[in-house]
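Below is one structure; the comments refer to it alone.
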Amino acid sequence: MPHDFAANEPLLKRYSDNPIVGRAAIPCANAIFNSAVVSYEGEYRGVFRVDDQCRRFRMHAGRSTDGIQWDIEPEPISWKVSDPSVAAFDYTYDPRITPIDGRYFITWCHTCHGPSIGLGVTDDFESFEFLDVVLPPFNRNAVLFPRKIGGRYMMLHRPSDNGHTPFGDIFVSSSPDLLHWGRHRVVMGVRDGWQSTKIGAGPVPIETPEGWVLIYHGVLTSCNGFVYSIGAAILDLDDPTHLLHRTRRYILAPTELYECVGDVPNVTFPCAALYDEGTGEVRVYYGGADTCVCLATCSMADLLAFIKENRFDD
Ligand code: BMA
């Protein structure tokens, strides 16, 4: 049934059995959230952010046949590393996975003299190679586009600071080889309301005939601290530095208990989206309250219509 745009319900519909991964899914975990998943050979694979009971943040591989019930490895990923000087993995978090030309590239917030951007790759989700620190401190929320645009790889990211960052706009940079990044441009900045403090890219942008659909998080500052909601935008297909539309109204905001109560209250933080072109369904995976992994869905037709109907006029 098409979305009723006048209704009080947000566009994204929560999965009835949320959260799909709870904080205690593996023995060492204090919390499991902000995790990335992809389709893989008829099944699903993921890289999960696990904050352990020493309060380190590390990434663990996971597998699933349906994308809902996950088996997560009890040990963190053991990365194959060529330069040990940048290979500390105790504070690595918020992964995104981008399939490019049959390989799976992982970007995450690496800790190397502060939050920076790490890049790794896997072909089978069993063996993982750390490629390098591709953006220096301070930066977070990096995600690659799934193909070259104008002959160059492109990556969204969010320059930041060493703390909890009370500012932040989404940038895009490009590269000839995935390792060397330049031509840095601002794509979109903060606006009013739910996205007034900072914004950051979420899942891998989805290619549609109308443009790249970007699902992102936006943060407002309330008297009780930051509140993380989810919105969406459309970027130009040939030039993703060019923003076409973005939602003034959020598509999901923290209102359920598992989004409002946890290690960090009032957080919905999207890191992955799977688009099934056959059914038209978009599944969005998001972290709830920095504690658990949740799922919400909508149709691509509704998402595109919502972005256009609820956009800023200027
Ligand atoms: C950000 C990151 C995210 C987290 C969010 C809300 O700075 O740490 O992983 O979800 O804060 O706490």
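For ligands, and for the atoms within them, numbers begin at 1 and follow the listed sequence.
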**OP:** Using a 4.0 Å heavy-atom threshold (strictly under), name the region of R49 that reaches ligand 1: side chain, backbone, both or neither.
**Re:** side chain
Subject >> Check ion pair D51-R58 (N to O, under 4.0 angstrom) >> reply: no
Subject >> Residues D123, R103: salt bridge by 4.0 Å N-O rule >> reply: yes
**OP:** Would you mind running through ligand 1 and noting each atom that sits below 4.0 Å from a heavy atom of N34?
**Re:** 3 (C), 4 (C), 9 (O), 10 (O)
Subject >> Per-atom contacts, ligand 1 versus V264 - under 4.0 Å to a heavy atom >> reply: 12 (O)
Original post:
Got an N/O contact under 3.5 Å between H164 and ligand 1?
Top reply: no
**OP:** Measure the distance from atom 12 (O) of ligand 1 to every protein heavy atom, then report the residue, atom name and distance (to 0.1 Å) of the closest one.
**Re:** D290 OD2, 2.6 Å
Original post:
Do R311 and E309 sit within salt-bridge range, that is, some charged N less than 4.0 Å from a carboxylate O?
Top reply: no
Original post:
What is the closest protein heavy atom to atom 5 (C) of ligand 1, and at what distance does it sit?
Top reply: Y228 OH, 3.4 Å
**OP:** Identify which one of T122, I106, L131 satisfies the side chain to side chain contact (heavy atoms under 4.5 Å, CB included) criterion when paired with W79.
**Re:** I106
Original post:
Does a donor on one side chain sit under 3.5 Å from an acceptor on the other, for Y228 and E259?
Top reply: no
Original post:
In terms of side-chain heavy atoms, does R14 have a donor or acceptor partner in T255 at a distance below 3.5 Å?
Top reply: yes
Original post:
Can you tell which part of F226 has a heavy atom less than 4.0 Å from ligand 1: side chain, backbone, both or neither?
Top reply: neither
**OP:** Give yes if a backbone or side-chain nitrogen or oxygen of K198 is under 3.5 Å from a nitrogen or oxygen of ligand 1, and no if not.
**Re:** no
Original post:
Who's the nearest protein heavy-atom neighbour of atom 2 (C) of ligand 1, and how far?
Top reply: D94 OD2, 3.6 Å
**OP:** Sort out for me which residue in F48, Y91, W108 forms a ring pair (Phe, Tyr, Trp, His ring centres under 6.0 Å) with F57.
**Re:** Y91
